[in-house]
Amino acid sequence: MPKALPLMVQGTSSDAGKSAIATALCRIFAQDGYKTAPFKSQNMALNSYVTLDGKEIGRAQGVQAEAAGILATTDMNPILIKPTRDSESQIVVNGEPYGNMKAFAYRTEFYDKGLRIIEEAYQRLASSYERIVIEGAGSPAEVNLNDRELVNMRVARLTNAPVVLVADIERGGVFASLVGTLQLLEPEDRDRVIGVIINRFRGDLTLLQPGLDWFEEYTGKPVLGVVPFIPDLWIDAEDSLILHRYQGQRETPREIDIAVLRYPRISNFTDVDPFFVEPDCRMRFVTRLEELGEPDLIVLPGSKNTLEDLSFLRETGLAAAVKDLHHKGKTYIVGLCGGYQMLGEFIHDPAGVESPLQQLDGLGLIPMITTMEQKKTTVLSRGEAVFAKEKLTVEGYEIHMGQSAYSSNDFPFIQMEGRTEGYCQEERQLIGTYFHGLFHNDHFRTLLLNTIREKKGLPPILDRPSFVALREQGYDLLADTVRRHVKLDTIEEYMKAFQEKEVQINVSHLSGD
């Protein structure tokens, strides 16, 4: 079996577009007939993806596996770090919780074990695939951390992968960030960088060309591509760093106003992405009471620290405002996972699983008590629901530490094999469920939005977009754009050269392309 050819995508900063470029390359290699897998040794993100066997990885690697046309496995992201509080995170190893650790302890005590876990996972992938697209994290030029990092140049050396460096031109200072990053690398790591990609470019390329020429002459590194900005690209985001981009609809007038409560530890916020493609929906993320208003729909999303995020809602007055809107019958309310738990009567955390707070009163809208437990539920889920007098299949995934028990539940939402899940009382305009991905179910989303339209005296919209189809189209659009604007033949040449010679290649040998 041939040994996999790796390629590593690193960035000058977080949110430079590494995940998108890696996703495009996964799609491209798969389209070209190579069995391709993504790999990210260590991922810090609150957006998770559940594998077929009920394990948890970073959402970006799940998305990249989808783009490559394969099922995601934990080998694609062997270490997942999920922040729970400042300087403390839950560490997920090979898809299962390992424990909560402070940042210093993780760096000093976990490093050697983490390196073994990463190497073993990569070797398993390398024995099964022909191409591996490796994604870094943050920047490789973090000089204060590089002696014990587990995700950038150490992984490039471990896998003998050539590195493409990505920079986001929208941030400004693109040449300074590229040159500064290269200069701060150790010489052997600098030689490993085969070239750079400038991402999210808008405007006239001829005006950028003098800068590209200067960069190549100054650094000796080729510009492998300038990738244009792609609007309306509906591919799941990795973490909350990109939430600022979700504000584009804040002032856009639409018939249905949707407010998503953005608490400090919001997780899996991509649950609400399908609303962005709906023609009648205005989406807003709300952090302050004065921003809430009287929306038609309020979504309480997931949380990595449910008790402290619930405390945030109380302190800001948002909790009281949500209850008031509910009692007035003005707003449909949907709670997902942690947001679902907040809608109950009490949340207990006696063992301090998520927080030192041991108990808080919930919003009291659902007759339910939640207790946080050490064992995490991670599972792909499917069931039958009845909504708006229609029976429909809904699919999703569950990721939660707590277990919820009802004092009475005459309004179960989803009928699953051997159990019911969630709460749905349509007369009270209230839904709670552990199902992430609920709104990705096109039929349910259509029924919910048309129920709101009917309440407002508006005619239904029956021909709504399929979000699943749009996401597949997004993979193809991303791949096609990168094909047109990136020197893929040059990248392929480097990939083969690094593995055939098993030595570090100086970029100057190949940069004449």
Side-chain angles (χ1 to χ4, degrees), residues 6-23 25-26 37-49 56-65 72-83 87 89-95 98 101-126 132-167 181-182 184-186 188-190 192-193 237-239 241:
L7 174 68
M8 189 163 195
V9 181
Q10 297 184 15
T12 57
S13 66
S14 295
D15 195 30
K18 296 183 295 292
S19 294
I21 297 298
T23 301
L25 291 169
C26 284
F39 182 73
K40 187 164 185 174
S41 57
Q42 170 192 283
N43 198 343
M44 178 179 284
L46 287 177
N47 269 7
S48 301
Y49 189 100
E56 184 179 12
I57 63 173
R59 190 144 199 87
Q61 282 60 64
V63 164
Q64 289 159 5
T73 71
T74 59
D75 284 340
M76 297 168 189
N77 176 213
I79 301 175
L80 174 62
I81 301 175
K82 304 188 73 174
S87 299
S89 299
Q90 180 188 65
I91 311 302
V92 179
V93 172
N94 292 325
Y98 176 83
M101 298 186 74
K102 296 282 189 180
F104 184 78
Y106 178 82
R107 178 173 165 78
T108 57
E109 300 170 14
F110 185 76
Y111 176 81
D112 291 331
K113 180 181 180 67
L115 195 59
R116 290 194 300 274
I117 291 166
I118 290 164
E119 185 171 11
E120 290 167 0
Y122 180 81
Q123 291 302 327
R124 287 191 293 267
L125 284 181
I132 300 181
V133 180
I134 308 170
E135 183 182 343
S139 163
E142 304 290 352
V143 294
N144 57 314
L145 300 175
N146 277 349
D147 61 325
R148 295 178 75 80
E149 61 92 5
L150 291 171
V151 69
N152 285 313
M153 284 301 178
R154 192 168 304 275
V155 174
R157 295 193 295 267
L158 178 71
T159 60
N160 198 33
V163 173
V164 174
L165 187 62
V166 178
T181 299
L182 289 169
L184 288 173
L185 294 177
E186 294 294 330
E188 62 175 305
D189 293 330
R190 192 181 306 123
R192 192 172 287 281
V193 177
E238 181 174 62
D239 57 43
L241 286 175

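Keep in mind that what you see is a predicted model, and the values were worked out from it rather than measured.
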Query raised in the report: Shortest non-hydrogen contact from Pro78 to Ile117?
Result: CB-CG2, 3.8 Å
Report task. Can you run down the side chain to side chain donor-acceptor pair (under 3.5 Å) pairs that involve residues 105-117, sequence neighbours left out, and say none if there aren't any? Result -> Gln42-Tyr106, Arg107-Asp147, Tyr111-Arg154
Requested in this report: Determine the minimum heavy-atom distance between Pro140 and Asn146, stating which atoms define it.
Outcome: O-ND2, 2.8 Å
**Report entry** Heavy-atom check, side chain of Tyr122 versus side chain of Pro6, under 4.5 Å
**Finding:** yes
Query - Side chains of Ile91 and Ile81 in contact at under 4.5 Å (non-hydrogen atoms) - result: yes
Requested in this report: List the atom of Tyr49, the atom of Ala72, and the distance in Å for their closest heavy-atom pair.
Outcome: CE2-CB, 3.8 Å
Query - Heavy-atom side-chain contact between Leu150 and Leu115 under 4.5 Å - result: yes
Query raised in the report: So do the side chains of Asn43 and Ile57 get within less than 4.5 Å of each other, counting heavy atoms only?
Result: no
Query - Within-4.5 Å side-chain heavy-atom neighbours: Lys82 and Glu56 - result: yes
Report task. With rounding to the nearest 0.5 Å, note down the distance linking CE in Met76 to CD1 in Ile134. Result -> 13.0 Å
Query raised in the report: If we only count heavy atoms from C-beta on, is the Arg157 to Glu188 side-chain gap below 4.5 Å?
Result: yes
Query raised in the report: Are the side chains of Val193 and Arg190 in touch, meaning some heavy atoms are under 4.5 Å apart?
Result: no
Requested in this report: Taking all non-hydrogen atoms of both residues into account, name the closest pair between Glu135 and Ser19 and its distance.
Outcome: OE2-OG, 2.6 Å
Query raised in the report: OG1 of Thr159 to CE of Met8: how many Å apart, nearest 0.5 Å?
Result: 7.0 Å
Query raised in the report: Within the side chain of Asn94, is there an N or O that forms a donor-acceptor pair under 3.5 Å with the backbone of Thr74?
Result: no
Query raised in the report: Does Ile118 offer a backbone N or O that forms a donor-acceptor pair with the side chain of Ser41 under 3.5 Å?
Result: no
Report summary line: What one should report as the nearest heavy-atom pair of Gly138 and Ser14 is CA-OG, 3.5 Å
Query raised in the report: Would you call Leu184 and Glu142 a side-chain contact if the rule is heavy atoms closer than 4.5 Å?
Result: no
Query raised in the report: Residues two or more places apart in sequence or in another chain: which of them pass side-chain hydrogen bond (donor to acceptor under 3.5 Å, both in side chains) with Glu149?
Result: none
**Report entry** Distance (rounded to the nearest 0.5 Å) between Gln10 CD and Asp189 CG
**Finding:** 8.0 Å
**Report entry** Test side chain to side chain contact (heavy atoms under 4.5 Å, CB included) applied to Ile21 and Val164, step by step
**Finding:** CA-CA 10 Å; Ile21 297 298; Val164 174; 5.8 Å; no
Report task. Walk me through it: do Arg192 and Asn160 pass the test side chain to side chain contact (heavy atoms under 4.5 Å, CB included)? Result -> CA-CA 9 Å; Arg192 192 172 287 281; Asn160 198 33; 3.3 Å; yes
Query raised in the report: Is it true that a side-chain atom of Lys40 and a backbone atom of Gly136 form a donor plus acceptor pair closer than 3.5 Å?
Result: yes
Requested in this report: With rounding to the nearest 0.5 Å, note down the distance linking CG in Leu182 to OG1 in Thr12.
Outcome: 10.0 Å
Query raised in the report: Which heavy atom of Pro38 sits nearest a heavy atom of Gln64, and at what distance?
Result: CB-OE1, 3.3 Å
Query - Rounded distance [0.5 Å steps], CZ in Phe39 versus CZ in Arg124 - result: 9.5 Å
